[in-house]
Amino acid sequence: MSGAEFVGEGRNGASIGDLSALIKGTQEKVATYLAHARTRQRRLLSLAIVGGALATALTASPALGGVALSDWMDATFGFTAPAWQILCAAAAICSVAATISTQMLKSNNIDERVARAEAVKARLEVLDVGRATGQLSPEQVATEYAACVEQASFI
């Protein structure tokens with residue numbers, strides 16, 4: 001790409017020649033994406049960890065406590081079904097929740113996308129500094145910017 005190709009208007013009415021505005025706009029989009037993706041990633045990871053731990057604890061309780069624990073739970077909570085069945089059903093629900101959250105993380109490639117967005121964020125910062133200090137020519141900035149946009153196409 002040459003500097004002559006950056007004439008006219010780009011997205012949001014910004015001049016294509018105004019690389020600074022394009023870089024800043026893309027940085028804002030990446031930052032917004034990262035804020036949402038990290039929150040979702042944390043929630044799904046937490047659900048997987050807590051769900052798995054609860055499933056283990058609920059399953060282990062009747063095995064370790066035996067009949068004494070089961071009788072105590074029946075008397076304390078007034079269960080109509082045996083306590084071990086209720087604990088195992090709750091463990092199954094927790095296990096399913098952990099499995100679904102893990103699968104959502106993997107099927108949506110959240111970890112990979114967050115890593116790619118972080119890389120794009122860093123490259124855009126380098127581009128902006130290189131552009132501002134004159135270390136990079138407009139053509140170099142334009143070429144690198146296009147690569148960043150391509151890498152962040154999922155955003």
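Count residues from 1 along the sequence.
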| Side-chain touch E125/V129, heavy atoms, less than 4.5 angstrom | no
| task | Working to the nearest 0.5 Å, report the span between CG of L127 and OG of S20. | result | 11.5 Å
| said: Would you say I93 ends up clustered with I49 if hydrophobic residues are merged whenever their side chains have heavy atoms under 4.5 Å apart, either directly or through other cluster members? | reply: no
| message | If hydrophobic clusters are built by linking Ile, Leu, Val, Met, Phe, Trp and Tyr wherever their side-chain heavy atoms come under 4.5 Å apart, do V120 and V149 end up in the same one? | response | yes
| query | In Å and rounded to the nearest 0.5 Å, what is the CG to NZ distance from D18 to K24? | reply | 11.0 Å
| task | Mark yes or no for whether T56, through its side chain, and G52, through its backbone, hold a donor-acceptor pair below 3.5 Å. | result | yes
| Shared hydrophobic cluster, M73 / L58 (ILVMFWY, side-chain heavy atoms < 4.5 Å) | yes
| So do the side chains of F77 and I86 get within less than 4.5 Å of each other, counting heavy atoms only? | no
| What is the minimum heavy-atom distance between P138 and L19, and which atoms define it? | O-CD1, 3.7 Å
| query | Rounded to the nearest 0.5 Å, what separation is found between the CD atom of E144 and the CD atom of Q151? | reply | 10.0 Å
| field | Closest non-hydrogen atom pair between V30 and A117, with its separation | value | CG1-O, 3.5 Å
| Spatial distance of atom NZ (K121) from atom SG (C148) [nearest 0.5 Å] | 13.5 Å
| message | For a quick test of reading the model, state the closest non-hydrogen atom pair linking L87 to P62 and the distance between them. | response | CD1-CD, 3.7 Å
| Which atom of A91 lies closest to which atom of T59, heavy atoms considered | CB-OG1, 3.3 Å
| message | Nearest 0.5 Å, please: how far is CG in L124 from CZ in R131? | response | 12.0 Å
| task | State, with a plain yes or no, whether a side-chain heavy atom of R113 is found less than 4.5 Å away from one of Y33. | result | yes
| message | Is there a side-chain contact between V141 and I23 in this structure, where contact means two heavy atoms from C-beta onward sitting under 4.5 Å apart? | response | yes
| note | Residues A57 and S61: closest non-hydrogen pair is O-OG, 2.7 Å
| remark: In this structure, CZ of F154 is separated from CG of N109 (nearest 0.5 Å) by 9.5 Å
| query | Mind checking what makes side chain to side chain donor-acceptor pair (under 3.5 Å) contact with Q27, not counting sequence neighbours? | reply | none
| Where do L54 and C94 come nearest, in terms of heavy atoms and distance? | CB-SG, 3.8 Å
| said: Given 3.5 Å as the limit, does a donor-acceptor pair link the side chain of S101 with the main chain of A98, or not? | reply: yes
